[in-house]
Chemist: 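Take this structure, written in C-alpha cells, and hold onto it; I'll ask about it next.
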Amino acid sequence: MILLLLVVFVIMLLLGIPVAFSMLGSSLIYVIVGILNGGFLQLTTAIQRVEIAVDSFPLMAIPFFVLAGEFMNSGGITKKIMDFARVCVGHFKGGMAQVAIFASTLFAAMSGSSIACASIFGQMMIPDMERDGYDKPFASAVISCAATIGPIIPPSIVMVVFGVMANCSIGRILIGGVVPGLLMCGGLMLMSYFISKRKDFPTYSRATGKERMLVAKQAILPLLMPIILIGGILTGYFTPTEAAVVAAIYGCILGFAQKQITAKDLPRILFNTALGSARTMFIIGTAGLFGWILTLEQAPKLFSDWMFSLSENRWVILMIINIFLLILGMFMESSAIIIMTTPILVPIVDALGFNIIHFGMVMMVNVMVGCVTPPVGVLMYVTNDIAGVSMKDYLKAQWPLLLSLFAVLLLVTFVPQISLALPDLLMG
C-alpha cells in the first residue's frame, strides 16, 4: 500500500499538480483503496488527521507573522532599508550588489518571506543595476540568492513549522537562525565583491557621517522590530506565538504613524494575510494526513534502516540527508519539504545524537538553497521573470554565489555551534 501512496504522489507531482493537492489526492486514494479492500481506515479518520495537524497553539504565530510582513511590505519600509544598506556597504566593490544582499538580510529580520524579498528588491533594484552596467543575469542571481536569507533570520514562518513538527523550542530555533543567516549574507557579499572586482562593476561613493546619521534616524523604527521580538522572547515577556502578535501590532502602528498605510489599505492587507496563511495551513493539514499514513506504513523505520545500512558513521549519514534534502529542494516547495520530512528525519538524527536545533538549521539552509536551484527553484523564477533572462544565462552567473551558499551549508552541518552558540548563550 505504501507503494501505491508514493507512486500516485509522484505521478501527481509530475503532472504539475501542487504539492498540497498531490499529498491530499494520494492520501485519499490510499484511504479509498483501503476501504474497498476491507481496511480499518475511514474517510472521517482522514478528515480528522487533517484537523489534528493544524490544531496547534504555536501555529497561531503563522498568520500574525504573515500580517506583520504585509504591514512592513506596505508601510514604505523597503526604501528606508535600502537607503540604510547603501550608506553602510554601498562603497564596497559592486556597491549595488552589496546593498541588495545587506538590505535583503535586514528585510529578512522584519518579513521572513523569501518570495516577498525577491519580488520587492527585484523590482526595485534589477532595473537600476542594469542601468549602472551590471549584467542582468548577475543582477537576477544576486537578488534571488540574497532572498534565501529571508526565512533563516527570525521571524520565520518555516522555523515555526519545523519547531511544531519536531516538537522543539520555537524560541531556540528562531534565535538559532541568526548566525547562519549572517554567514549567508557575508558569504554572498564576499563572492559578489570578487565578481564585481573582476568585472569592474561600479560602486556608490562613500557616505558622509551626516548622511549616515540622517538615514539611520529614518530607519531606526523599522530596525527596532527584530530587537523587540528577540528581546521579548529572551526576557520572557512573551512567547514566540505572542511575539508574532506584537510584530503585527508594531508593523500596523508603524505604517499608520508614518502615513504609509491608510484604512483603505487594510482590506488588501488582510486579504493577502488570509490567503498566505490559508496556503501554509492547507499544506500543513494535508502533509499531516500524508505523514500519518507514512507512519502507519512504518516508512520512518524503513527509511531509518536503509540509512543505517549505508553507513554507521553519523556524519556520513548527515551528509546523505543533506543530499536527500537538496534533491527534494530542486522539485518541491520549502514548507512542504519541512512538513513531510521532519517527522521521518528527526528520529534518525536524534538517534545519532545530533541536537535537533542544529539539525533544524541544516534543514533550513538546505531547503532555501533549493529555492534557487532548477528545475523548480521558485526564487530563481521570480527574479528571472523580472529581469527577463533565460535559465541558461542565469545559471552561468549564479554558480559562484551558489558555491558560497553551499560553503555555509557545510559549515552549518559540520560546526553545530554555529547554530547552537547564540541560543545557548541567550537562553541557557
Chemist: What's the separation between atom CG in L289 and atom CD in E51, rounded to the nearest 0.5 Å?
Modeler: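 Output value for this atom pair is 12.5 Å.
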Chemist: Before giving the answer on side-chain contact (heavy atoms from CB on, under 4.5 Å), spell out for Y250 and F71 the whole-Å C-alpha distance, their side-chain angles and the decisive distance to 0.1 Å.
Modeler: CA-CA 9 Å; Y250 186 80; F71 278 128; over 6 Å; no
Chemist: Say you draw a straight line from CG of L318 to NE2 of H358; how long is it, rounded to the nearest 0.5 Å?
Modeler: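 Reported value, rounded in 0.5 Å steps: 6.0 Å.
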Chemist: Quick check: does any side chain N or O of S404 sit under 3.5 Å from a backbone N or O of L401, one acting as donor and the other as acceptor?
Modeler: yes
Chemist: Could you list the residues that satisfy salt bridge (Lys or Arg N to Asp or Glu O under 4.0 Å) with R86, not counting sequence neighbours?
Modeler: E211
Chemist: Would you check if I228 and V246 make a side-chain contact, meaning some heavy-atom pair closer than 4.5 Å?
Modeler: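 The answer is yes, as the side chains (C-beta and beyond) meet within the 4.5 Å cut-off.
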Chemist: Taking all heavy atoms of G181 and all of I153, pick out the closest pair and write down the distance.
Modeler: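 Result for this residue pair: CA-CG1, 3.8 Å.
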Chemist: Would you check, one step at a time, whether the test side-chain contact (heavy atoms from CB on, under 4.5 Å) holds for M96 with V99?
Modeler: CA-CA 5 Å; M96 293 195 74; V99 168; 5.5 Å; no
Chemist: Measuring from atom CG of L402 to atom CE of M380, what distance do you get when rounded to the nearest 0.5 angstrom?
Modeler: 10.5 Å
Chemist: Not counting sequence neighbours, which residues clear side chain to side chain contact (heavy atoms under 4.5 Å, CB included) with F194? List them please.
Modeler: L190
Chemist: Considering residues at least two apart in sequence or located in another chain, which fulfil the salt bridge (Lys or Arg N to Asp or Glu O under 4.0 Å) criterion with K199?
Modeler: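 Here the qualifying residues are D135.
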Chemist: Determine which pairs satisfy ring-ring contact (aromatic ring centres under 6.0 Å, His included) with at least one residue from residues 388-414, sequence neighbours left out, and list them in order.
Modeler: W315-F414
Chemist: Show the nearest heavy-atom pair for residues I339 and A287, with the distance to one decimal.
Modeler: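 For I339 versus A287, the nearest heavy atoms are CG2-CB, 2.7 Å.
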Chemist: Could you tell me whether the side chain of S22 and the main chain of I17 form a donor-acceptor pair under 3.5 Å?
Modeler: yes
Chemist: When you measure from the side chain of Q398 to the backbone of V372, do you find a donor-acceptor pair of N or O atoms at a distance under 3.5 Å?
Modeler: yes
Chemist: Taking the side chain as C-beta and beyond, is there a heavy-atom pair between N272 and V66 under 4.5 Å?
Modeler: no
Chemist: Any salt bridge linking R268 with D265? Criterion: basic side-chain nitrogen under 4.0 Å from a carboxylate oxygen.
Modeler: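 Yes, this pair counts.
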Chemist: Quick check: closest heavy atoms across V164 and I170, and the distance to 0.1 Å?
Modeler: N-CD1, 3.9 Å
Chemist: To the nearest 0.5 Å, what is the distance between CD1 on I337 and CG on L326?
Modeler: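 The distance works out to 9.5 Å.
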Chemist: Is it the case that over 12 heavy atoms from other parts of the model lie below 6.0 angstrom from the CG atom of L15?
Modeler: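 Yes.
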Chemist: Report yes or no: does N366 contribute a side-chain atom to a donor-acceptor pair with the main-chain N or O of V362 at less than 3.5 Å?
Modeler: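 Judged by distance alone, yes, a pair lies under 3.5 Å.
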Chemist: With distance as the sole test, does S26 use its side chain to make a donor-acceptor pair with the main-chain N or O of M23 at under 3.5 Å?
Modeler: yes
Chemist: Taking the six-membered ring where the residue is Trp, are the ring centres of F9 and F290 under 6.0 Å apart?
Modeler: yes
Chemist: Heavy atoms, side chains only, cut-off 4.5 Å: are L409 and L405 in contact?
Modeler: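 Side chain of L409 against side chain of L405, heavy atoms only: no contact under 4.5 Å found.
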Chemist: Got a second to check how far S140's OG is from D385's CG, nearest 0.5 Å?
Modeler: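 One gets 9.5 Å once the value is rounded to the nearest 0.5 Å.
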Chemist: If I compare all heavy atoms of A248 with all of L67, which pair ends up nearest, and what's the gap?
Modeler: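 Heavy atoms of A248 and L67 come nearest at CB-CD2, 3.9 Å.
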Chemist: Are any of the side-chain heavy atoms of V178 and P154 separated by less than 4.5 Å?
Modeler: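 Answer yes - side chains close enough.
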Chemist: Taking side chain as C-beta onward, heavy atoms only, is I338 less than 4.5 Å from M364?
Modeler: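 They are in side-chain contact.
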Chemist: Can F282 and T286 be said to form a side-chain contact (heavy atoms from CB on, under 4.5 Å), step by step?
Modeler: CA-CA 6 Å; F282 184 67; T286 55; 3.8 Å; yes
Chemist: Walk me through whether F359 and F354 qualify under ring pair (Phe, Tyr, Trp, His ring centres under 6.0 Å).
Modeler: CA-CA 7 Å; F359 174 69; F354 289 109; 8.2 Å; no
Chemist: Tell me, please, which residues at least two apart from N355 pass side-chain hydrogen bond (donor to acceptor under 3.5 Å, both in side chains).
Modeler: none
Chemist: State, with a plain yes or no, whether a side-chain heavy atom of V408 is found less than 4.5 Å away from one of V369.
Modeler: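 In short, these two side chains do not touch, never coming nearer than 4.5 Å.
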Chemist: How would you list all residue pairs meeting salt bridge (charged side-chain N to carboxylate O under 4.0 Å, His left out) that involve residues 343-367, not counting sequence neighbours?
Modeler: none
Chemist: Would you mind reporting whether I321 and V349 have side-chain heavy atoms less than 4.5 Å apart?
Modeler: yes
Chemist: Taking M189's backbone N and O only, do any of them form a donor-acceptor pair with S192's side chain (distance below 3.5 Å, no angle check)?
Modeler: no
Chemist: List the steps and the verdict of side-chain contact (heavy atoms from CB on, under 4.5 Å) for C168 and F162.
Modeler: CA-CA 8 Å; C168 67; F162 175 83; 4.0 Å; yes
Chemist: Applying side-chain hydrogen bond (donor to acceptor under 3.5 Å, both in side chains), name anything that partners N313, two or more places apart in sequence or on another chain.
Modeler: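 Listed in chain order: nothing, the list is empty.
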Chemist: Check whether any side-chain heavy atom of M361 lies under 4.5 Å from a side-chain heavy atom of M159, and answer yes or no.
Modeler: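 M361 vs M159: side chains touch.
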Chemist: I need the minimum non-hydrogen distance between A46 and L28, along with the two atoms involved.
Modeler: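 That would be CB-CD2, 4.5 Å.
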Chemist: With sequence neighbours left out, write down each residue that passes side chain to side chain contact (heavy atoms under 4.5 Å, CB included) with D393, or none if nothing qualifies.
Modeler: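 Residues passing side chain to side chain contact (heavy atoms under 4.5 Å, CB included) with D393: P137, S390.
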Chemist: For Y30, check ring pair (Phe, Tyr, Trp, His ring centres under 6.0 Å) against everything at least two apart and list the hits.
Modeler: none
Chemist: So, using side chain to side chain contact (heavy atoms under 4.5 Å, CB included) as the criterion, who are the partners of I47 when residues are at least two apart?
Modeler: none
Chemist: Would you give the length of the straight line joining atom CG of L395 to atom OG1 of T373, rounded to the nearest 0.5 angstrom?
Modeler: 9.5 Å
Chemist: What pair of heavy atoms forms the shortest contact from F138 to A97, and how long is it?
Modeler: CE2-CB, 4.0 Å
Chemist: List in chain and number order the residues that pass side-chain hydrogen bond (donor to acceptor under 3.5 Å, both in side chains) with T273, two or more places apart in sequence or in another chain; answer none if no residue qualifies.
Modeler: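 Checked T273 against side-chain hydrogen bond (donor to acceptor under 3.5 Å, both in side chains); zero matches.
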Chemist: Report the residues that fulfil side chain to side chain contact (heavy atoms under 4.5 Å, CB included) with S104, sequence neighbours left out, ordered by chain and then residue number.
Modeler: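 S104: side chain to side chain contact (heavy atoms under 4.5 Å, CB included) contacts with C117, F121, A146.
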Chemist: Is a side-chain N or O of T148 found less than 3.5 angstrom from the main chain of S144, in a donor-acceptor match?
Modeler: no
